[in-house]
> 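Please read through the structure below; I'll follow up with questions.
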Amino acid sequence: MADLHGRCALVTGASSGLGVDFARELARRGARLVLVARREPRLRALADELAKETGVEVRVEAVDLADPGAREALADRLAAERVEVDVLVNNAGFGVYGPFLDIPWERERQMLELDVAAVVHLTKLFAQGMVARGRGWILQVASIGAYQPSPTYASYSAAKAFVLSFGEALSFELRHTGVKVTVVSPGVTATEFLRVSGQSPSLYQRLAMMRSADVARAGVRAMLKGRPSVVPGLVNKVPAFLMRLTPRRLQARIAHLSMTMG
């Protein structure tokens, strides 16, 4: 495994699912950790686990990243204590399932604030320091939904399309700075995502579901290799590729059927 000893990794959404497995993967590679999420008890339990298992230093930051002021305060706090973030994993986020007109605006606004605005804001807050030091890695977590319009996940899919485009563009912009930007676009993963979004898994989702640890490992590997983007798992790579060759109107129909059948 690539050595991250002496590096500091900040993982958002680290209280559950992919965030937990990103933290575990980075800790096993020797990185010191800053774990960020709202649920402090879960963060502390994970911090204790990782400290005992790997011996790495783990810092807990209970922060609501949907609040722009809280994001800035986090960056200021770390800077004041001379904590230099070498690895940023923008994992925090959630989806909302259902017909667009039935979803309450406040819930959708919170999702967009976390899935889009927080990703851009945190990247801007921490990438500048990485560029100044001439090294760093940024992992943006998108979704296979970024590759096609997805009825019943209309705004979530659009948000992840933003993350994919943003991350790949930034990867090119920073190509000569020593800072690598990678976008990982998971398919259906065994996390709390479906429960939080309000969806019962469809037949396709049950058949295609991947282990969270496998997705996290694929994302970190791609990040350390400096790949602009990766879709983990053959069951996800093939549909993502085929969508590039499929008419847009048909893409939406296929996505709707995969979300609702069974």
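Given the structure is predicted, the values throughout are model-derived calculations rather than measurements. All values below come from the heavy atoms of this structure, side chains included, with hydrogens, waters and symmetry mates left out.
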> Does a side-chain N-to-carboxylate-O contact under 4.0 Å join D86 and R135?
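Result for this pair is yes, salt bridge flagged.
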> Could you report the tightest heavy-atom contact between V58 and A51, atom names first, then the distance?
CG2-N, 4.4 Å
> Please determine whether a side-chain nitrogen of the Lys or Arg among R77 and E81 lies less than 4.0 Å from a carboxylate oxygen of the Asp or Glu.
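No, no charged N to carboxylate O under 4.0 Å.
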> What about F193 and F94, are their ring centers closer than 6.0 Å?
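F193 vs F94: aromatic centres not under 6.0 Å.
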> Might you point out which heavy atoms bring A159 and L112 nearest each other, and give the distance in Å?
CB-CD2, 4.1 Å
> Should the pair E192-R39 be classified as a salt bridge under the 4.0 Å nitrogen-to-oxygen rule?
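Yes, charged N to carboxylate O under 4.0 Å.
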> Do Q148 and R248 have side chains that get closer than 4.5 Å, going by heavy atoms?
no
> Any idea which heavy atoms bring K160 and S143 closest together, and the distance?
CG-CB, 3.7 Å
> Between W137 and L88, is a side-chain contact (heavy atoms from CB on, under 4.5 Å) present by the stated rule, with each step listed?
CA-CA 6 Å; W137 298 267; L88 172 64; over 6 Å; no
> Are Y153 and L250 linked, directly or through intermediate hydrophobic residues, by side-chain heavy-atom contacts shorter than 4.5 Å (ILVMFWY only)?
no
> Is a salt bridge present between E113 and R71, judged by a nitrogen-to-oxygen distance below 4.0 Å?
yes
> Walk me through it: do Q128 and V131 pass the test side-chain contact (heavy atoms from CB on, under 4.5 Å)?
CA-CA 5 Å; Q128 290 176 345; V131 170; 5.9 Å; no
> Going by distance alone, is a donor N or O of one side chain under 3.5 Å from an acceptor N or O of the other, for S171 and E168?
no
> Is any side-chain heavy atom of V34 less than 4.5 Å from a side-chain heavy atom of C8?
yes
> Examine the side chains of Q251 and T246 and answer whether a donor and an acceptor come within less than 3.5 Å of each other.
no
> Examine the side chains of D21 and S212 and answer whether a donor and an acceptor come within less than 3.5 Å of each other.
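Indeed, the side chains of D21 and S212 share at least one donor-acceptor pair under 3.5 Å.
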> Would you mind reporting whether V36 and L10 have side-chain heavy atoms less than 4.5 Å apart?
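They are in contact (side-chain heavy atoms under 4.5 Å apart), so the answer is yes.
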> CG of L65 to CG of L114: how many Å apart, nearest 0.5 Å?
6.5 Å
> Report yes or no: do Q140 and T123 form a side-chain donor-acceptor pair below 3.5 Å?
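Yes, T123 and Q140 have a side-chain donor paired with an acceptor closer than 3.5 Å.
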> Could you measure the distance from the CG atom of L33 to the CG atom of L43? Nearest 0.5 Å is fine.
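It is 11.5 Å, given to the nearest 0.5 Å.
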> Does F126 belong to the same Ile/Leu/Val/Met/Phe/Trp/Tyr cluster as V83, with side-chain heavy atoms less than 4.5 Å apart forming each link?
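Linked, F126 and V83 end up in one cluster.
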> Check R24 with E53, please: is the shortest side-chain N to carboxylate O separation under 4.0 Å?
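Looking at E53 and R24, the cut-off is not met.
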> For a quick test of reading the model, state the closest non-hydrogen atom pair linking Y97 to G198 and the distance between them.
CD2-O, 3.8 Å
> Could you tell me the separation between the CE atom of M111 and the CD1 atom of I103, rounded to the nearest 0.5 Å?
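So the gap between those two atoms works out to 7.0 Å.
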> Could you tell me which non-hydrogen atom of R133 sits nearest to which non-hydrogen atom of V85, and how far apart they are?
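It is NH2-O, 2.8 Å.
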> In terms of hydrophobic clustering (I, L, V, M, F, W, Y; side-chain heavy atoms under 4.5 Å; direct or indirect links), are V119 and Y147 co-clustered?
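Per the 4.5 Å side-chain linkage, V119 and Y147 are not co-clustered.
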> Please name the residue in the list T191, L18, V231 that meets the side chain to side chain contact (heavy atoms under 4.5 Å, CB included) test with P186.
L18
> Looking only at heavy atoms, which two atoms of G145 and S150 are closest? And how far apart?
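Taking G145 first and S150 second, the nearest heavy atoms are O-OG, 4.0 Å.
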> Kindly indicate whether the side chain of D115, heavy atoms from C-beta on, has any atom under 4.5 Å from the side chain of Y156.
yes
> With a 3.5 Å cut-off and no angle check, do the side chains of R42 and S15 form a donor-acceptor pair?
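There is no such pair (donor and acceptor under 3.5 Å, judged by atom type) between the side chains of R42 and S15.
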> Would you say the side chain of M243 lies within less than 4.5 Å of the side chain of I254, judging by non-hydrogen atoms?
yes
> Can you find a heavy atom in the side chain of V89 that is under 4.5 Å from one in the side chain of T12?
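Side chain of V89 against side chain of T12, heavy atoms only: no contact under 4.5 Å found.
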> Out of curiosity, L174 CG to I138 CD1, how far, rounded to the nearest 0.5 Å?
6.5 Å
> Roughly how far apart are R28 CZ and L50 CG, rounded to 0.5 Å?
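Nearest 0.5 Å value for the CZ-CG distance: 8.0 Å.
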> If you count the non-hydrogen atoms of other residues, nucleotides and ligands that lie under 6.0 Å from CZ in R38, is the total more than 12?
no
> Check the pair H5, R32 against side-chain contact (heavy atoms from CB on, under 4.5 Å), reporting the backbone distance first and the verdict last.
CA-CA 8 Å; H5 282 83; R32 295 178 287 116; over 6 Å; no
> If you measure from CE on M210 to CG on L234, what distance do you get to the nearest 0.5 Å?
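With rounding to 0.5 Å, CE (M210) is 10.0 Å from CG (L234).
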> Less than 4.5 Å apart, any side-chain heavy atom of L164 and any of S185?
yes
> In the single-linkage hydrophobic clustering (I, L, V, M, F, W, Y; side-chain heavy atoms under 4.5 Å), do V183 and I144 co-cluster?
no
> Determine whether more than 12 heavy atoms belonging to other residues, nucleotides or ligands lie under 6.0 Å from atom CZ of R253.
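Not more than 12 within 6.0 Å, no.
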> Could you walk me through whether V220 and L26 pass the side-chain contact (heavy atoms from CB on, under 4.5 Å) check?
CA-CA 8 Å; V220 172; L26 292 164; 4.2 Å; yes
> Shared ILVMFWY cluster between V181 and L125, side chains joined below 4.5 angstrom?
yes
> Check whether any side-chain heavy atom of L224 lies under 4.5 Å from a side-chain heavy atom of R29, and answer yes or no.
yes
> Salt bridge (Lys or Arg N to Asp or Glu O under 4.0 Å), that's the test. Do R59 and E61 meet it? Break it down for me.
CA-CA 7 Å; R59 176 181 179 132; E61 290 283 349; 2.8 Å; yes
